[in-house]
Amino acid sequence: MPTNDPTLPLRGDRCPAWAALSALPQRQGEAFQLQDAFAADPQRARHFTVEAPGLRADLSKQRWDAEVRRLLLALAEQVGLPAARAAQFAGRTANPTEGRPALHTALRAPRGSGAPFEDEIHAVLDRMLAYAEGVRAEAEAGVGPGGRPPIRHIVNLGIGGSDLGPQMVVPALRTHSHPALSLHFAGNVDGHDLLPLLARLKPEETLFIIASKTFTTQETLANARLARAWFLAEGGSDIARHFVATTTNVKAAAEFGITTTFGFWDWVGGRYSLWSAIGLPIALALGETGFRALLAGAHAMDRHAAEAPLAENLPTLLGLLDVWLRNFQGCASRNLAPYHQGLARLPAWLQQLEMESNGKGVDRAGEPLPFATSPVVWGEAGTNGQHAFFQMLHQGTDTVPVEFILVREPATGVERMKPATAAALAPLLAEQQRMLLANGLAQAQALMLGKTAEQALGETVPTAAPDQAPDLIARHRRFPGNRPSTLLMLERLDPWHLGALLSMYEHRVFTSATVWGINPFDQWGVELGKSLCNALLPRLGSGDTTGLDGSTAAALDWLRG
Ligand SMILES: O=P(O)(O)OC[C@H]1O[C@](O)(CO)[C@@H](O)[C@@H]1O
């Protein structure tokens, strides 16, 4: 395995293309009018649409043009993005502060591809999928070994990267999941998370997965202890059957009393780990075929990221756009609006992926960065977001780019219902799908088109207060418009397409990280809070506030009652 690559790639702001981008008049948001750009180029939608495996992206409603794109692509070349990406795939030390490669891409490479650690990866994968198939077969048959009840409920106890991936993927692929198995997730150390779930379960039908890369995480171990205490108190027996672990720390799992462990390796970052044994809940829900399809979709996107020319390379273009928005358009946040209820947890997963990866203030050499890095990523499934925060997106004082995800073919699972019910609901659901897509498209349109006060003045507004002057109401009803958005489109949400989408996000984060010159694979920023918490924990028992700051001491006093 090759080791550390001593040549640090050139940081984006030290490249000629960065200076050229800084000098562009298009930088000033209002100097670039989207509607003028569409008028000037009737083929603009086509010129800024990119096709990648399983994904079509329309980037024409972004405030950029051919010149901006050319300079961003030059920036990617100047920072050495292709070489950096090749080094990551090859297993070079992509994470120098922890002295490790970042080889999530190898986890989805098929056998025979020559990716690093191929034998180890496929040995665990095969064993995990065989185990998942066994649990599914029991549920299917309605009976477990020796006539015992089958496992019907699976509870994943993990947090961060050991939770968010499976917790997002399982509901996204609900209609591909085994109907006799219910998947549950608890991550918070707060007993309010796990307890209500335990109250609904029976030990003999429940499988707990203790998911922790390190097997040292406070929250997960606390929940594991709670689950084990509940299991024994409720008369459960055979811990070996009902508790399994997914971890790199097999020894610690064994000390906890767990004999069935699916391992992975330190070169799998937590937020990149759903493709590893951490994906066990997904494998249980989808089975071998579905899990392999998820990996295959991700791998197809890996090949695209590695091989497509930069100008046609979707994760590269999106990552470069992220740099354009953050460093040249001043956008401090990005909204993610998936118009598919199954993707409701995608924003949470992406928050960890992007903000834990790129929320850094120094470059790989430890130099403080003189420019902004990770934006705040946030979002909510459409159409719910429209009735909550879209007001701010349309008329607020900040420009927040919005990323819409539209899925062409619905998969509500209506066909699983009684034929007469399915027949009654099908046309209504088809209409709802049209409503959903129309809403997503309309929001993107509204952000771009806006509405002038003159246009507003010409409208009849029954809800306006009659004693208010029409021109005043028109000023409130004006939309500035010219607000950027991206349309990501998927044919359908199945394991393969979802794998491709998620892999795209991973490569996109790598793109902006490379331009910014940062290490996206460490997360030192989570450490300070953890160690202060460990120091406070005994004080919550003892009440000792010696040496604490005034605010923490007063709060601790009050909380102790
Ligand atoms: O899988 P583990 O080791 O329990 O860690 C959980 C999470 O904690 C973090 O280390 C920090 O929050 C994440 O990066 C990680 O995904």
Side-chain angles (χ1 to χ4, degrees), residues 94-104 107 124 128 155-170 185-190 193-194 208-228 243-256 258 261-282 345-361 373-374 376-377 502 505-506 509-510 513 518-534:
N95 176 359
T97 61
E98 295 181 303
R100 298 169 183 169
L103 275 171
H104 42 284
L107 296 171
V124 177
M128 173 176 98
V155 182
N156 190 76
L157 300 176
I159 197 163
S162 298
D163 170 57
L164 288 164
Q167 196 207 112
M168 174 262 301
V169 170
V170 167
F185 298 87
N188 199 336
V189 75
D190 183 349
D193 196 5
L194 181 54
F208 291 97
I209 302 172
I210 315 303
S212 175
K213 176 175 170 178
T214 55
F215 223 84
T216 58
T217 303
Q218 183 198 55
E219 291 93 330
T220 302
L221 293 187
N223 276 327
R225 286 190 292 267
L226 191 69
R228 185 176 55 188
F243 284 75
V244 301
T246 53
T247 185
T248 60
N249 190 351
V250 176
K251 187 166 165 280
E255 279 161 15
F256 186 89
I258 295 180
T261 301
F262 301 97
F264 57 109
W265 307 272
D266 68 358
W267 40 260
V268 182
R271 52 195 174 273
Y272 298 86
S273 66
L274 72 90
W275 322 100
S276 71
I278 290 295
L280 177 59
I282 304 172
R345 292 298 284 162
L346 186 68
W349 173 81
L350 187 61
Q351 269 170 346
Q352 190 201 12
L353 179 71
E354 192 157 340
M355 294 164 76
E356 201 172 74
S357 295
N358 283 352
K360 310 285 167 63
T373 58
S374 175
V376 175
V377 180
L502 303 181
Y505 279 116
E506 293 176 349
V509 166
F510 184 80
I518 62 183
N519 174 2
F521 300 115
D522 61 11
Q523 56 284 321
W524 300 105
V526 302
E527 296 300 330
L528 179 58
K530 283 186 193 172
S531 62
L532 291 177
C533 171
N534 286 337

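Since the model is a prediction, treat every value here as computed from it, not as a measurement. Whatever order the structure lists them in is the order used to number ligands and atoms, beginning at 1.
Atom 10 (O) of ligand 1 has Lys530 NZ, 4.0 Å as its closest protein atom, hydrogens excluded (heavy atom only). Taking atom 3 (O) of ligand 1 as the reference point, the nearest protein heavy-atom neighbour is Thr214 OG1, 2.6 Å.
The atoms of ligand 1 that sit less than 4.0 Å from any heavy atom of Ser162 are 1 (O), 2 (P). Annotation for ligand 1: atoms under 4.0 Å from non-hydrogen atoms of Ile159 are 6 (C), 7 (C). Close approach of ligand 1 to Gly161 is summarised as follows: ligand atoms under 4.0 Å from at least one heavy atom of the residue are 15 (C), 16 (O).
At a threshold of 4.5 Å between non-hydrogen side-chain atoms, the residues Phe521 and Glu98 do not count as touching. The shortest side-chain heavy-atom distance between Asn519 and Asn95 falls under the 4.5 Å cut-off.
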*asked:* What verdict does the side-chain contact (heavy atoms from CB on, under 4.5 Å) test give for Arg345 and Phe185, after you've listed the backbone C-alpha separation in whole Å, the side-chain angles of each residue and the deciding distance to 0.1 Å?
replied: CA-CA 12 Å; Arg345 292 298 284 162; Phe185 298 87; over 6 Å; no

Exercise. Verify side-chain contact (heavy atoms from CB on, under 4.5 Å) between Cys533 and Gln218, making sure each step is shown before the conclusion.
Key: CA-CA 10 Å; Cys533 171; Gln218 183 198 55; 3.7 Å; yes

### Message
Quick one, Leu107 with Trp265, criterion side-chain contact (heavy atoms from CB on, under 4.5 Å). Give me CA distance, side-chain angles, the key distance, then yes/no.
### Response
CA-CA 11 Å; Leu107 296 171; Trp265 307 272; 3.9 Å; yes

**Item:** Working for side-chain contact (heavy atoms from CB on, under 4.5 Å), residues Asn156 and Ile278
**Value:** CA-CA 9 Å; Asn156 190 76; Ile278 290 295; over 6 Å; no

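When the heavy atoms of Leu157, Thr217, Thr216 are ranked by distance to atom 2 (P) of ligand 1, first place goes to Thr217.
Inclusion of Val526 in the set of residues having an N or O under 3.5 Å from an N or O of ligand 1 is not warranted. The shortest N or O to N or O distance between Glu356 and ligand 1 is below 3.5 Å.
Under the 6.0 Å distance and 45° angle rule, Arg228 counts as a cation-pi partner of Phe256.
The shortest heavy-atom distance from Glu219 to ligand 1 is not under 4.0 Å.
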